[in-house]
Enquirer: 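Structure below; questions to follow.
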Amino acid sequence: MNNSPTAMAFLAVFFFALWLAAQALENADTANGYAPVGRIVVTLFLMFLSIAGVWALSAKIRRVEAKRSQPEDNVAPRPRS
């Protein structure tokens, strides 16, 4: 098989971007902010297999969104403009 270097570079960058996105999602979902590598790898593959991944990750995405939409206790609310 004769793959071009550009295609291989694109694939490497694509998986690196998926890794960063999976790491950000997992770190936002954990209590201490640092997810184990195994959870990041599973999330990466679920993102790669988007049809099954959307279904499997939808609950986690909703949890992260709900956590982010709650006001933090130690931050004063912003005045409305």
Side-chain angles (χ1 to χ4, degrees):
M1 199 162 174
N2 199 4
N3 293 325
S4 72
T6 305
M8 297 305 279
F10 176 79
L11 191 63
V13 169
F14 178 67
F15 274 105
F16 181 69
L18 278 178
W19 176 269
L20 292 178
Q23 185 179 24
L25 179 61
E26 286 297 334
N27 287 343
D29 190 39
T30 60
N32 65 355
Y34 297 103
V37 174
R39 286 182 63 184
I40 295 171
V41 170
V42 169
T43 302
L44 179 141
F45 284 117
L46 286 172
M47 288 178 165
F48 183 71
L49 304 171
S50 60
I51 294 173
V54 167
W55 175 77
L57 293 174
S58 62
K60 185 177 298 194
I61 292 169
R62 288 186 187 123
R63 271 195 316 269
V64 169
E65 193 275 328
K67 190 187 315 182
R68 297 293 181 200
S69 66
Q70 294 175 353
E72 295 182 19
D73 294 336
N74 59 357
V75 177
R78 291 187 212 161
R80 295 193 181 238
S81 309

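Values reported hereafter were calculated over all heavy atoms of this structure, with side chains retained and with hydrogens, waters and symmetry mates removed. For reference, positions follow the sequence shown, starting with 1.
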Enquirer: Can you get from F45 to V54 by hopping between Ile, Leu, Val, Met, Phe, Trp and Tyr side chains that sit under 4.5 Å apart?
Expert: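 The answer is no; the residues belong to distinct hydrophobic clusters.
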Enquirer: Calculate, to the nearest 0.5 Å, the distance between atoms CZ and CG belonging to R62 and L57 respectively.
Expert: 11.5 Å
Enquirer: Is there a donor-acceptor pair under 3.5 Å between the side chain of S4 and the backbone N or O of A7?
Expert: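 Checking the backbone N and O of A7 against the side chain of S4, a donor-acceptor pair under 3.5 Å is found.
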Enquirer: Can M47 be reached from V13 by stepping across I, L, V, M, F, W or Y side chains whose heavy atoms are under 4.5 Å apart?
Expert: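 No, V13 and M47 fall in different hydrophobic clusters.
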Enquirer: Using a side-chain heavy atom cutoff under 4.5 Å and only I, L, V, M, F, W and Y, what cluster partners does I51 have?
Expert: none
Enquirer: Shortest non-hydrogen contact from L44 to L18?
Expert: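 In this case the closest contact between L44 and L18 is CD1-C, 3.9 Å.
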Enquirer: Under 4.5 Å between any side-chain heavy atoms of K60 and E65, yes or no?
Expert: no
Enquirer: Test: ring-ring contact (aromatic ring centres under 6.0 Å, His included). Region: residues 4-24. Which pairs qualify, not counting sequence neighbours?
Expert: F15-F48
Enquirer: Find the distance between CH2 (W55) and CG (L46) and round it off to the nearest 0.5 Å.
Expert: 10.0 Å
Enquirer: For residues 27-34, which side-chain N or O atoms pair as donor and acceptor with protein atoms under 3.5 Å away, sequence neighbours left out?
Expert:
| unit_1 | atom_1 | unit_2 | atom_2 | d |
| --- | --- | --- | --- | --- |
| N27 | OD1 | A35 | N | 2.8 |
| N27 | ND2 | Q23 | O | 3.3 |
| D29 | OD1 | R63 | NE | 3.1 |
| D29 | OD2 | R63 | NH2 | 2.9 |
| T30 | OG1 | N27 | O | 3.2 |
| T30 | OG1 | G33 | N | 3.2 |
| T30 | OG1 | Y34 | N | 3.4 |
| N32 | OD1 | Y34 | N | 3.1 |

